[in-house]
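Heads up, the thing below is written out as structure tokens.
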Amino acid sequence: MVVHAAVYRDTDQDFVRDLNTQLAALPAGHKNVLVFVHGYNTMFSEALYRLTQMDHDSDVPGVPVLFSWASRGKTEDYVYDNNSATAARDNLENTLSLVASSKAEKITIMAHSMGNWVTVEALRQMKIAGKGIPPNRIGNIILAAPDIDVDVFKSQLKRFGKPEKPFIVIVSRDDKALGFSDFLAGGKVRLGNYTNDAELVALGAVVVDMTNVKALDPMNHGKFAQLAELAPALRGQIAARAATVGDMPSTIELDGIQISGINRNVGILPGTVATPAAPVAPAP
């Protein structure tokens with residue numbers, strides 16, 4: 001996969017216009033947007049490649065939008081990245097507001113690793129300001145391997161209140177990158193390797209546990225991208241289970257992936273990622 005073109009948008013209006021042009025090419029009911037926020041130790045080119053990969057594998061209609069914040073792309077620069085991610089909150093809030101001003105029918109947000117800190121903080125700011133995305137236009141909010149202190153996340157959810165549509169939290173207990181983050185945080189467990197799925201479900205989350213899925217990266221930190229490839233098969237199995245059993249059980253296991261709280265959101269996977277299209281980004 002390669003990037004074959006890049007166009008600079010001078011204004012926010014240019015960004016929304018180009019986004020609407022891509023949305024107009026999609027049929028009604030599929031005019032969706034996926035906003036992807038990358039994580040720690042990830043350069044722009046890597047984030048763009050990752051979004052393109054998920055976009056290609058997922059087979060779900062929509063337009064992908066990449067929000068990239070200034071990571072140094074080095075393992076030893078964790079503190080720098082954390083400060084940089086925090087500084088990007090207002091820009092992400094602006095980007096989400098621009099996407100919400102477009103003609104998108106549904107907006108799904110997927111964040112990875114430290115990108116979850118930026119994302120949840122931006123959404124929290126929008127909630128406090130009364131400028132949140134209308135619930136009927138939110139597809140899913142997916143927190144993949146979130147590098148967030150569990151207690152901080154609990155306090156953030158209390159600010160949101162129990163969401164109308166659950167956050168989808170993708171966890172893996174063998175995530176070595178989050179283990180390193182735990183160490184830097186003085187042994188405070190991160191949300192992405194938290195062990196109490198039931199507590200997160202009670203707070204208003206659907207938990208996708210990928211611990212038993214073999215990772216393709218040595219740090220076991222990129223399993224979320226594999227979920228995109230598995231999504232079409234998982235969607236079919238979930239639909240078949242719903243048709244056969246009727247009401248969904250609270251926890252199911254498919255292909256080594258354990259999903260808890262899915263009975264609160266049977267449509268979890270269809271809005272996970274978008275179909276191939278040229279990623280667009282607003283002017284800085």
>> To the closest 0.5 Å, what do you measure between OG1 (Thr42) and CH2 (Trp69)?
In response: 7.0 Å
>> Testing the basics here: between Val99 and Arg137, what is the closest heavy-atom pair and its distance to 0.1 Å?
In response: O-NH2, 4.2 Å
>> Looking only at the side chains, is there a donor atom on one of Asp147 and Ser181 sitting less than 3.5 Å from an acceptor on the other?
In response: yes
> Minimum heavy-atom separation for Ser84 to Ala70, with atom names?
Replying inline: OG-O, 2.8 Å
> Heavy-atom distance under 4.5 Å between the side chains of Val169 and Pro146, does that happen here?
Replying inline: yes
> For the atom pair CG (Asn116) and OH (Tyr40), what is the distance rounded to the nearest 0.5 Å?
Replying inline: 15.5 Å
> Out of curiosity, does Leu178 fall in the hydrophobic cluster containing Met210 (side-chain heavy atoms, cut-off under 4.5 Å, transitive links)?
Replying inline: no
> Counting only N and O atoms by type, is there a donor-acceptor contact under 3.5 Å from the side chain of Asp197 to the main-chain atoms of Val207?
Replying inline: no
>> Keeping Lys127 on the side-chain end and Gly132 on the backbone end, is there a donor-acceptor pair under 3.5 Å?
In response: no
>> Would you say Val35 ends up clustered with Val16 if hydrophobic residues are merged whenever their side chains have heavy atoms under 4.5 Å apart, either directly or through other cluster members?
In response: yes
> More than 12 foreign heavy atoms under 6.0 Å from CE of Met126: is that the case here?
Replying inline: yes
> Should Val120 and Val152 count as side-chain neighbours, where that means a heavy-atom distance under 4.5 Å?
Replying inline: no
>> As a quick check of understanding, evaluate side chain to side chain contact (heavy atoms under 4.5 Å, CB included) for Asp149 and Arg190, giving each step before the final call.
In response: CA-CA 5 Å; Asp149 180 280; Arg190 315 315 282 170; 3.7 Å; yes
> How far apart are the closest heavy atoms of Asn41 and Lys74, and which atoms are they?
Replying inline: OD1-N, 3.0 Å
> Any side-chain heavy atom of Lys223 within less than 4.5 Å of one from Ile257?
Replying inline: no
> Rounded to the nearest 0.5 Å, what separation is found between the CG atom of Asn136 and the NZ atom of Lys106?
Replying inline: 6.0 Å
>> Could you tell me if Asp14 and Thr11 have a donor-acceptor pair between their side chains, going purely by distance under 3.5 Å?
In response: yes
> Is the side chain of Thr108 donor-acceptor paired with the backbone N or O of Leu34 at a distance under 3.5 Å, no angle test?
Replying inline: no
> What pair of heavy atoms forms the shortest contact from Gln53 to Ala225, and how long is it?
Replying inline: OE1-CB, 4.1 Å
>> Pair Leu123, Ile109 - check side chain to side chain contact (heavy atoms under 4.5 Å, CB included), show working.
In response: CA-CA 10 Å; Leu123 291 172; Ile109 303 167; 4.0 Å; yes
> When clusters are formed by joining ILVMFWY residues with side-chain heavy atoms under 4.5 Å apart, either directly or through shared neighbours, do Met43 and Leu48 land in the same one?
Replying inline: no
>> Let me confirm one number: the CG-CG distance from Leu96 to Asn91, rounded to the nearest 0.5 Å.
In response: 11.0 Å
>> Let me check something: do Phe44 and Leu51 share a hydrophobic cluster, defined by ILVMFWY side-chain heavy atoms less than 4.5 Å apart, either directly or through other members?
In response: yes
>> Just by distance, no angles: are the side chains of Gln125 and Asp90 close enough, under 3.5 Å, to form a donor-acceptor pair?
In response: yes
> Got Phe15 and Val65 here, is their nearest side-chain heavy-atom distance under 4.5 Å?
Replying inline: yes
>> Does His112 form a side chain to side chain contact (heavy atoms under 4.5 Å, CB included) with His38? I'd like the steps, not just the answer.
In response: CA-CA 5 Å; His112 178 232; His38 68 75; 5.8 Å; no
> So, the side chain of Ser71 versus the backbone of Gly73: is there a donor-acceptor pair under 3.5 Å, distance only?
Replying inline: yes
> At what distance, to the nearest 0.5 angstrom, does OG1 of Thr75 lie from CE of Met219?
Replying inline: 7.0 Å
>> For a quick test of reading the model, state the closest non-hydrogen atom pair linking Lys176 to Asn220 and the distance between them.
In response: CE-ND2, 4.0 Å
> Is it true that Tyr80 and Phe183 fall in one hydrophobic cluster, defined by side-chain heavy atoms closer than 4.5 Å?
Replying inline: no
> Is the side chain of Gln258 donor-acceptor paired with the backbone N or O of Thr211 at a distance under 3.5 Å, no angle test?
Replying inline: no
> Is a side-chain N or O of Lys31 found less than 3.5 angstrom from the main chain of Leu26, in a donor-acceptor match?
Replying inline: yes
> Is a side-chain donor or acceptor of Arg173 paired with a backbone partner of Val171 at a separation under 3.5 angstrom?
Replying inline: no
> Just by distance, do the side chain of Asn193 and the backbone of Asp174 share a donor-acceptor pair under 3.5 Å?
Replying inline: no
> Closest heavy-atom contact between Asn20 and Ser102?
Replying inline: OD1-CB, 3.4 Å
> Is the shortest side-chain N to carboxylate O distance from Lys154 to Glu199 below 4.0 Å?
Replying inline: yes
> How far apart are the C-alpha atoms of Phe167 and Leu203, what are their side-chain angles, what is the distance that settles it, and do they pass the side chain to side chain contact (heavy atoms under 4.5 Å, CB included) test?
Replying inline: CA-CA 9 Å; Phe167 286 92; Leu203 286 170; over 6 Å; no
> Roughly how far, to the nearest 0.5 Å, is the OG1 atom of Thr119 from the CD1 atom of Ile142?
Replying inline: 11.0 Å
> Relative to each other, are the rings of Tyr78 and Phe180 parallel, tilted or perpendicular (30° and 60° limits)?
Replying inline: perpendicular
